[in-house]
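Below, chain A is the first sequence line, B the second, and so on; all start at residue 1.
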2 protein chains.
Amino acid sequence: MELWYTERNIVPGLALSVEVSKTLHSEQTEYQHLAIVETPLCGRMLLLDNIIMTNIKDEFVYHEMISHVALNTHPNPKKVLVIGGGDGGAIREIIKHPSVEKAVLVEIDRRVVETSIEYLPEIACGLKDPKVEVHYKDGIKYVQDHKNEFDIILVDSTDPIGPAVGLFEGDFYKSCHEALKEDGIFVAQTESPYYNEELIPKVQKDIRANYPITKLYLAFIPTYPGGCWSFTMGSKKHDPEAVDFSNWAGYKTRYYNPEIHKAAFVLPNFVRELISK
Amino acid sequence: MELWYTERNIVPGLALSVEVSKTLHSEQTEYQHLAIVETPLCGRMLLLDNIIMTNIKDEFVYHEMISHVALNTHPNPKKVLVIGGGDGGAIREIIKHPSVEKAVLVEIDRRVVETSIEYLPEIACGLKDPKVEVHYKDGIKYVQDHKNEFDIILVDSTDPIGPAVGLFEGDFYKSCHEALKEDGIFVAQTESPYYNEELIPKVQKDIRANYPITKLYLAFIPTYPGGCWSFTMGSKKHDPEAVDFSNWAGYKTRYYNPEIHKAAFVLPNFVRELISK
């Protein structure tokens, strides 16, 4: 018998299905439904509220691209905050960067972290590093309570439905701005430009209201709807397109490199138009 | 009642579904099954042998990216050949380029052209242009019979199963090389780097055997498996990454621009590794 998982909650009229060999874990947590399935194509896959969050085959793209662009735009990132990101993938990437002294993960749902450690050790492996602090708290509240503290804040959220709605709102972006130091950098995952013609201009406008440098960049993520994913950076001082990589020592990555860092900001005409709305 | 079309023939274990409001056309041609469906998300969609070929929502990406990269790499493209591409989308883009005097379409299946003209006029509109010649022939045979004639050859083929298998083989690349003039440029669609770990290195090697300059580039195509699509260019003389756009007059495009032209050749690490195999 063939079993297929089908995701059809995000883009109306579009569905992505992945064959499943086994359901390894399924529970209703305090915040959402959480499942881990084994798939022949993508290896283990984490689902939250029936939406694909990450999987062993292509997780490197999302996790490298949400973190290394900001880490290499900032000249000396020491303290980095991740809101959400309970699978630990962004944290694993952040601690590769030689200047990072502390990486703080604030995940509302403890069960996402615990389940990822159990079933997705390749992704969650960084969470045990001595530089890493994990808090099970509401990210919105956490940033309100921490002023002028972080060099970088990454919002590794679920989609703007359910528990993550507040992470796409202007008030939250303002609090993040206050939690960043004077040359801090903010990055959020901001969905697909093919299917979010209202969300993306709104988010751009809200982030631009806080940061003199606001730029969107793209990456190829095959298991997100449409495979084209956007991230939006708000930066108080450093321009991601002006980074000088000539003395860059580098570290092991499977997607990110200095040329990709720059090329990710080059946008197709229809995306340029979308963000200038 | 909700109806969904599901494509599950290309990548084992992965399926893409699009809601369908109406089937407008369905027939078995001499070569393949051909259908046109109306979808709420993507507008009209052309299916060949149950695989998505093109659709009104995102066709601009594929058609602009298969054609304008070569057209702007060549300093004066006059005569362009398209193998396959019966929907006419590549032709529509080619004739936007001011130097083009003749665009020849060689499509094996007359019904693809006729059906596209009837149901996809937005895509097929260029086929009636006086600069355009359409031949219903086998592309492999056609290039064998034309030597030293074209500035650019574009292979706008279906996937390497069924009628298009021969369009992914070394002998065909060699014939195309002979059909090109001494500074000619060849481009083929070469599938997804996420799911074709054997095909892509093989195709690279076969194209590289014919051309001193062989380069792969990428574009975001949401309705192809994984959303990340590759094209491979073989060029006898002109380097696509060395194009000087400073005096470029341009023309209307929705994806392509001079910056995208260059950025499309910037590859993630795993793709660099794949093509150096």
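Of all heavy-atom pairs spanning Val266(A) and Ile260(B), the tightest one is CG1-N, 3.5 Å. Between Tyr256(A) and Asn269(B) the shortest heavy-atom distance is O-ND2, 3.1 Å. Summarising the geometry of Pro222(B) relative to Tyr195(A), their closest heavy-atom pair is CB-OH, 3.4 Å, with the distance given to 0.1 Å.
The aromatic ring centroids of Phe60(B) and Phe270(A) lie less than 6.0 Å from each other.
Ranking Pro225(B), Ala219(B), Cys42(B) against chain A, the residue ahead of the rest is Ala219(B), based on heavy-atom pairs under 4.5 Å. Contact count against chain A (heavy-atom pairs under 4.5 Å) is highest for Leu16(B) among Thr223(B), Leu16(B), Asp58(B), Val11(B). Looking only at heavy-atom pairs under 4.5 Å with chain B, the residue among Val20(A), Thr39(A), Leu14(A) that has the most is Leu14(A). Here Ser17(B) is the residue among Ser17(B), Ser192(B), Gly227(B), Pro40(B) with the most heavy-atom pairs under 4.5 Å with chain A. Per-residue counts of heavy-atom pairs under 4.5 Å with chain B were compared for Ile221(A), Leu218(A), Val271(A); the largest is that of Leu218(A). Among the candidates Arg272(A), Glu7(A), Glu19(A), the residue making the largest number of heavy-atom pairs closer than 4.5 Å to chain B is Arg272(A).
Atom NZ of Lys205(B) has 12 or fewer neighbouring heavy atoms from other residues, nucleotides or ligands inside a 6.0 Å radius. Enclosure of atom CD in Glu198(A) is not indicated, since only 12 or fewer non-hydrogen atoms of other residues, nucleotides or ligands lie within 6.0 angstrom.
With a 4.5 angstrom heavy-atom cutoff, Leu267(A) touches chain B only via backbone atoms. Using a 4.5 Å cut-off between heavy atoms, Thr253(A) touches chain B through backbone and side chain atoms alike. No part of Glu273(B) comes within reach of chain A, as not one of its non-hydrogen atoms sits under 4.5 angstrom from that chain. Heavy atoms closer than 4.5 Å to chain B are found nowhere in Lys262(A), neither backbone nor side chain.
Side-chain contact between Tyr194(B) and Val61(A) is present, with heavy atoms from C-beta onward closer than 4.5 Å.
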